[in-house]
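If you read the sequence from its start, that first residue is 1, and numbering goes on from there.
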Amino acid sequence: MGFLTGKTVIITGGGRAALSDGKAGSIGYGIATAYAKEGANIVITGRNVKKLDDAKEELERLYGVKVLPVQADISAGADNAAIAKEVAEKAIEAFGRIDVLINNAQASASGVTLADHTVAQFDLAMYSGLYATFHYMQACYPYLKETKGSVINFASGAGLFGNYGQCAYAAAKEGIRGLTRVAATEWSRDGINVNVVCPLAWTAQLEQFKNAYPEAFEKNVHTPPMGFFGDPEMHIGRVCVQLAHPDFKYMTGETVTLEGGLGLRP
């Protein structure tokens, strides 16, 4: 029995992606695994139904928790407020409460320079990341207020350091950082803890980026000082579990940067 038994977490982008060697390779799934080990009820969203179903099967089989997969895609032209509201309502219908919201989902056309970026590519990053974070936060706010819950958003070093070929991704992530800080200021009076994580882990998405855009990868992605990339569960997921612990309420508004397993608060 973990300290999150009976509590509910929503994780966007929580499907199970695989590395080329077959190992789990997504931050969302790593977070879901860490929460499953603490006994939480888990709601995972994403565009790919198979990845969601694979995550549900494995998490329920290995850890005995309940997992609700919900296909959802925040995108240009969609009724995005309604999509986020439906996810929140399904979580309440299934589990009766929302304790943690983790805005992890993000798509982008990384590797495309600013001069060559299209509006559609820019919209892809903004809607899947910044707008999704905004809509899910609004949809979950009333329920998080009831539970004195936590919001954990995901930004990136791409925005902090201006990575080559990642203009839309960096812009979306910096928007998320600003949104997080405002929420921390406004929602602290409601007892809601709000933080942002800037992770660096070896994932299927990073592996694909390396294969598709080797030049951009070499310019942007460097082995962390500790000599290895973070593990999605151990170095990212476990930090997200800690940020949902009552003892971490004082950390609201912090940026947590994770490189090679080392957590820093600049």
Side-chain angles (χ1 to χ4, degrees), residues 1-16 24 26-46 51-60 62-72 74 83-106 132-133 135-154 176 180 183 187 190-197 199 232-249 251-252 256:
M1 297 285 284
F3 81 91
L4 292 171
T5 298
K7 297 188 176 182
T8 302
V9 56
I10 295 176
I11 305 168
T12 70
R16 188 186 189 281
S26 68
I27 288 176
Y29 186 73
I31 297 168
T33 301
Y35 273 79
K37 288 182 176 181
E38 292 296 338
N41 301 315
I42 300 170
V43 180
I44 49 175
T45 76
K51 289 181 179 180
L52 295 174
D53 289 342
D54 287 348
K56 171 183 171 64
E57 187 280 327
E58 189 165 273
L59 292 171
E60 291 187 339
L62 293 178
Y63 307 111
V65 296
K66 294 180 180 179
V67 180
L68 174 66
V70 182
Q71 185 182 28
I74 302 293
I83 291 171
K85 182 180 179 183
E86 182 180 18
V87 171
E89 289 176 345
K90 285 184 175 181
I92 293 297
E93 181 181 355
F95 302 121
R97 59 188 293 148
I98 298 171
D99 298 273
V100 186
L101 168 65
I102 299 178
N103 285 300
N104 160 74
Q106 177 74 64
T133 299
H135 286 299
Y136 278 111
M137 288 175 71
Q138 281 198 332
C140 293
Y141 170 69
Y143 308 110
L144 293 168
K145 186 175 179 180
E146 288 181 1
T147 59
K148 309 297 183 186
S150 299
V151 176
I152 303 167
N153 293 332
F154 273 72
I176 290 170
T180 302
W187 292 2
D190 298 314
I192 301 172
N193 196 40
V194 187
N195 289 286
V196 63
V197 174
E233 178 201 342
M234 294 304 298
H235 302 133
I236 313 300
R238 295 309 303 177
V239 168
C240 290
V241 165
Q242 286 181 304
L243 289 174
H245 196 285
D247 290 347
F248 279 79
K249 287 292 183 182
M251 284 186 62
T252 192
V256 181

**OP:** Go through the steps for Tyr141 and Lys145 under the test side-chain contact (heavy atoms from CB on, under 4.5 Å), then give the verdict.
**Re:** CA-CA 6 Å; Tyr141 170 69; Lys145 186 175 179 180; 3.8 Å; yes

**OP:** Take Thr133 and Asn153, measure what side-chain hydrogen bond (donor to acceptor under 3.5 Å, both in side chains) needs, and give me the verdict at the end.
**Re:** CA-CA 7 Å; Thr133 299; Asn153 293 332; 4.8 Å; no

**OP:** Dump the intermediate steps for side-chain contact (heavy atoms from CB on, under 4.5 Å) on Asn195 and Thr180, then the final yes or no.
**Re:** CA-CA 6 Å; Asn195 289 286; Thr180 302; 5.5 Å; no

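When the side-chain hydrogen bond (donor to acceptor under 3.5 Å, both in side chains) test is applied to Asn41, no partner is found at least two apart in sequence or on another chain. Residues forming a salt bridge (charged side-chain N to carboxylate O under 4.0 Å, His left out) with Glu146 (at least two apart in sequence, or on another chain): none. Residues that satisfy the side-chain contact (heavy atoms from CB on, under 4.5 Å) test with Ile102, not counting sequence neighbours, are Val9, Ile11, Ile31, Tyr35, Val100, Asn104, Ile152, Phe154, Cys240. Not a single salt bridge (charged side-chain N to carboxylate O under 4.0 Å, His left out) links Lys7 to another residue, sequence neighbours left out. Remark: Gln71 pairs with Val49 by the side-chain contact (heavy atoms from CB on, under 4.5 Å) rule, at least two apart or across chains.
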Quick one: side chains of residues 86-94, donor-acceptor pairs under 3.5 Å with protein atoms, not counting sequence neighbours, listed by atom name and distance.
none

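At least one side-chain heavy atom of Val151 sits under 4.5 Å from a side-chain heavy atom of Ile192. Within the 4.5 Å cutoff, no side-chain heavy atoms of Lys37 are placed close to those of Val241. Put simply, the side chain of Thr8 does not reach to within 4.5 Å of the side chain of Tyr143, judged on heavy atoms. The shortest distance between side-chain heavy atoms of Thr33 and Leu59 falls below 4.5 Å.
Of all heavy-atom pairs between Cys140 and Ile10, the closest is SG-CD1, 3.8 Å. In terms of heavy atoms, Ala55 sits closest to Gly14 at CB-O, 3.8 Å. In terms of heavy atoms, Arg97 sits closest to Thr147 at NH2-CG2, 3.8 Å. Contact between Ser26 and Arg16 at its shortest, heavy atoms only, is OG-CA, 4.3 Å. Of all the heavy atoms in Pro199 and Ile27, the pair that sits closest is CG-CD1, 3.8 Å. Residues Val65 and Ala36 share a closest heavy-atom pair of CG1-O, 3.4 Å.
A donor-acceptor pair under 3.5 Å is formed between the side chain of Asn193 and the backbone N or O of Leu243. Panel note: side chain Thr12, backbone Thr45; no donor-acceptor pair is recorded below 3.5 Å.
Rounded to the nearest 0.5 angstrom, Met137 CE and Asn103 CG are separated by 7.0 Å.
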